[in-house]
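What follows is a single structure, written as structure tokens, with notes after it.
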Protein chains: 2
Amino acid sequence: MEQHKIPQATAKRLPLYYRYLNNLQHQGKTRVSSQELSDAVKVDSATIRRDFSYFGALGKKGYGYNVEYLLHFFRETLDQDELTEVALIGVGNLGTAFLKYNFLKNNNTKIVMAFDRDANKVGTKIGGVPVYHIDDLEEKIGDIHVAILTIPASEAETMTERLVENGIEGILNFTPARITVPSHVRVHHIDLAVELQALVYFLKHYPLDNEKGNKKE
Amino acid sequence: MEQHKIPQATAKRLPLYYRYLNNLQHQGKTRVSSQELSDAVKVDSATIRRDFSYFGALGKKGYGYNVEYLLHFFRETLDQDELTEVALIGVGNLGTAFLKYNFLKNNNTKIVMAFDRDANKVGTKIGGVPVYHIDDLEEKIGDIHVAILTIPASEAETMTERLVENGIEGILNFTPARITVPSHVRVHHIDLAVELQALVYFLKHYPLDNEKGNKKE
DNA sequence: ATCCTTTTGTGAATGATCTCACTAAAAACT
DNA sequence: AGTTTTTAGTGAGATCATTCACAAAAGGAT
Ligand SMILES: NC(=O)c1ccc[n+]([C@@H]2O[C@H](COP(=O)([O-])OP(=O)(O)OC[C@H]3O[C@@H](n4cnc5c(N)ncnc54)[C@H](O)[C@@H]3O)[C@@H](O)[C@H]2O)c1
Ligand SMILES: NC(=O)c1ccc[n+]([C@@H]2O[C@H](COP(=O)([O-])OP(=O)(O)OC[C@H]3O[C@@H](n4cnc5c(N)ncnc54)[C@H](O)[C@@H]3O)[C@@H](O)[C@H]2O)c1
């Protein structure tokens, strides 16, 4: 609850850095420069150095960064040791895919329960995660504070109210609905149809160069 | 290939506006104010007016915007009449979910074919979309220029090269790998594990207000 | 026709993020 | 030990995006 100084843009890149540093460590690399990192994660090297600098001087001039040290540092900063439990609401196409995916790899989050209103799904386990009836939400949710929302858009608003009443403070919303929440609740929207449409729009209206080279975003 | 003036941030919101305006029309509404729109899509009303203003004066002072006219205008701007065909690479958990989802609702994009290397999947149809063997990519891809990538991260770099050689210019990448592409190719990353981790990070480190009200992002 | 209300469109201020370009420190080399 | 090379950290400026706040236009009412 401390660091107010880290820009949101930086915070969003931290998990990315963290994951790549993990890869490096598994490969046995002990040092890395901002330029190498830049090539790998496709973020400008100056931006990477700036990002790291918000946490103090983590590197050594003329040497780069020590992978081990950086990882150790980020593990603390990103609370990697502390597991955050997540509930998934709506075991449909998308929800099922998430349940089968192991978010725990390089990650400190775990889906520990799922809810649906379809009696055929209730009682089963998908990817090791138990599926409960949505009517039992109040009973089962415990002190989980993060939810993934993968129900039809028409259900989103009502469900959100219910989730918030039951202590949810963070929602990853895959529904196209733009849900309304009290100000202490944080919602991140991932709108796949919009992403696809935006990509197509950029392709048509923002022509890129025609030569070799790299571009991000 | 004209409007260079529209900020990327604006371009990304256009599909969102478009979809909501469609809803309004189906509800029979003929006019809408920037404030109403703001409440619905959770974007500041001044931002909405600014966004629209890049396209000229689309509204009337003291009245708002005519839904029909705005829709007509966006339909042209977003090339809604022109269907963009998309290929999906990797019919696994996530890929299957996308195939079963109808992106065409309020949308001008359609997944028309999928590829996998798993013989059990090849030859089937999922959500009406034929699944071909990845070896037949060159033969089947035709002049599709947009691909959705849902294969394992380890395959991403090689597959990307292959896609680009076969005319792909836009990639929606769900793989954690940050792929390298020539500069005429556009990649949008959607990294679900990062999104989840970022949400958790924000929850822990960026406490929000404690009272009632709305907040976006 | 006049007045009051609504709501756009936008100049200017603010805020956020990114990037250049340089200093200084450490490493690597000779 | 001295020289060269590498590379972090950062001040300052550039770029991009959001928001304020208000004049002007149009609608609606009487
Ligand atoms: N599948 C995709 O590729 C995709 C793409 C973009 C957006 N989305 C959005 O993601 C959401 C889920 O999509 P999907 O394809 O998985 O849909 P789906 O219909 O396959 O799954 C929805 C699930 O939610 C359950 N459900 C419905 N109402 C519920 C309630 N009140 N409480 C608990 N469970 C309830 C249903 O039983 C079903 O299992 C939708 O809002 C959709 O618009 C999906
Ligand atoms: N499922 C999720 O919720 C989730 C979440 C975050 C990220 N991801 C990422 O999305 C990607 C796909 O995830 P998934 O869960 O669907 O994986 P998956 O293993 O279920 O599916 C991968 C599919 O790709 C196919 N494939 C593998 N190599 C191929 C190749 N060279 N050519 C063609 N097809 C090939 C496989 O046969 C399989 O059907 C992964 O990179 C994963 O990290 C998935």
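Letters A, B, ... mirror the listed sequences (proteins, then strands); counts begin at 1.
Per the geometry, CG belonging to B:Asp44 stands 13 Å off C1' belonging to C:dT14, to the nearest Å. A:Arg49 places its CZ atom 15 Å from the P atom of C:dT23, with the value rounded to the nearest Å. If you measure from atom NZ of B:Lys12 to atom C1' of D:dC16, you get 12 Å, rounded to the nearest angstrom. Computed from coordinates, the B:Ile48 CD1 to C:dG9 P distance equals 12 Å when rounded to whole Å. Put simply, CZ on A:Arg13 is 15 Å from P on C:dA16, counting in whole angstrom units. Computed from coordinates, the B:Asp51 CG to D:dC16 C1' distance equals 13 Å when rounded to whole Å. When the C1' atom of C:dT17 is taken as reference, atom CD of A:Gln8 falls 12 Å away, rounded to whole Å. To the nearest angstrom, P of C:dC18 lies 8 Å from OH of A:Tyr54.
Rotation axes derived from the C1' atoms of the five outermost pairs at either end of the helix from C:dA1-D:dT30 to C:dT30-D:dA1 lie 20° apart, to the nearest 10°.
For B:Thr47 and D:dT19, the shortest distance from a side-chain N or O to OP1 or OP2 is below 4.0 Å.
Residues A:His188 and B:Phe202 place their aromatic rings such that the two centres sit under 6.0 Å apart.
Listed by residue number, the members of residues 64-75 of chain B with any heavy atom below 4.0 angstrom from DNA chain C are B:Gly64, B:Tyr65. Less than 4.0 Å separates DNA chain D from at least one heavy atom of each of the following residues of residues 23-38 of chain B: B:Arg31.
Considering all non-hydrogen atoms of both residues, A:Ala193 and B:Arg19 come closest at CB-NH1, 4.2 Å. B:Thr175 and B:Ala156 make their closest contact through CG2-CB, 3.5 Å (heavy atoms, listed as atom of the first residue, atom of the second, distance).
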Could you walk me through whether B:Glu195 and A:Lys12 pass the salt bridge (Lys or Arg N to Asp or Glu O under 4.0 Å) check? CA-CA 8 Å; B:Glu195 298 287 344; A:Lys12 284 190 183 171; over 6 Å; no
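Pairs passing the salt bridge (charged side-chain N to carboxylate O under 4.0 Å, His left out) check and including a residue from residues 83-97 of chain A, sequence neighbours excluded, do not occur.
For A:Gly62 and A:Gly59, each mapped to the nucleotide of DNA chain D holding its nearest heavy atom, the one lying further toward the 5' end belongs to A:Gly62. Taking the nucleotide of DNA chain C with the nearest heavy atom to each of A:Thr10 and B:Ser53, the more 5' of the two is matched to B:Ser53. Ranked by how close their nearest DNA chain D nucleotide is to the 5' end, B:Tyr63 and A:Lys61 are led by A:Lys61.
Partners of B:Glu138 by side-chain contact (heavy atoms from CB on, under 4.5 Å), not counting sequence neighbours, listed by chain and number: B:Arg162, B:Asn166.
Taking NZ from A:Lys60 and OH from A:Tyr69, the interatomic distance works out to 10.5 Å, rounded to the nearest 0.5 Å. Rounding to the nearest 0.5 Å gives a distance of 9.5 Å between CG of B:Leu78 and NZ of A:Lys204.
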Name each donor-acceptor pair under 3.5 Å that joins a side chain in residues 86-102 of chain B to protein atoms two or more places apart or in another chain, with its distance.
residue, atom, partner, partner atom, Å
B:Thr96, OG1, B:Gly92, O, 2.5
B:Asn102, OD1, B:Leu104, N, 3.0

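Minimum atom distance to the side chain of A:Lys60 is reached by C:dA27, of the listed C:dA27, D:dG9, D:dT19.
Residues A:Asp39 and A:Gln35 have side chains that bring a donor and an acceptor to within less than 3.5 angstrom of each other. With hydrogens and angles left out, the side-chain atoms of A:Asn108 and A:Thr84 include no donor and acceptor closer than 3.5 Å.
For A:Arg50 against C:dT17, a side-chain-to-base donor-acceptor contact under 3.5 Å is absent.
The one candidate from B:Phe73, B:Phe74, B:Tyr18 that meets the ring-ring contact (aromatic ring centres under 6.0 Å, His included) condition with B:Phe52 is B:Phe74.
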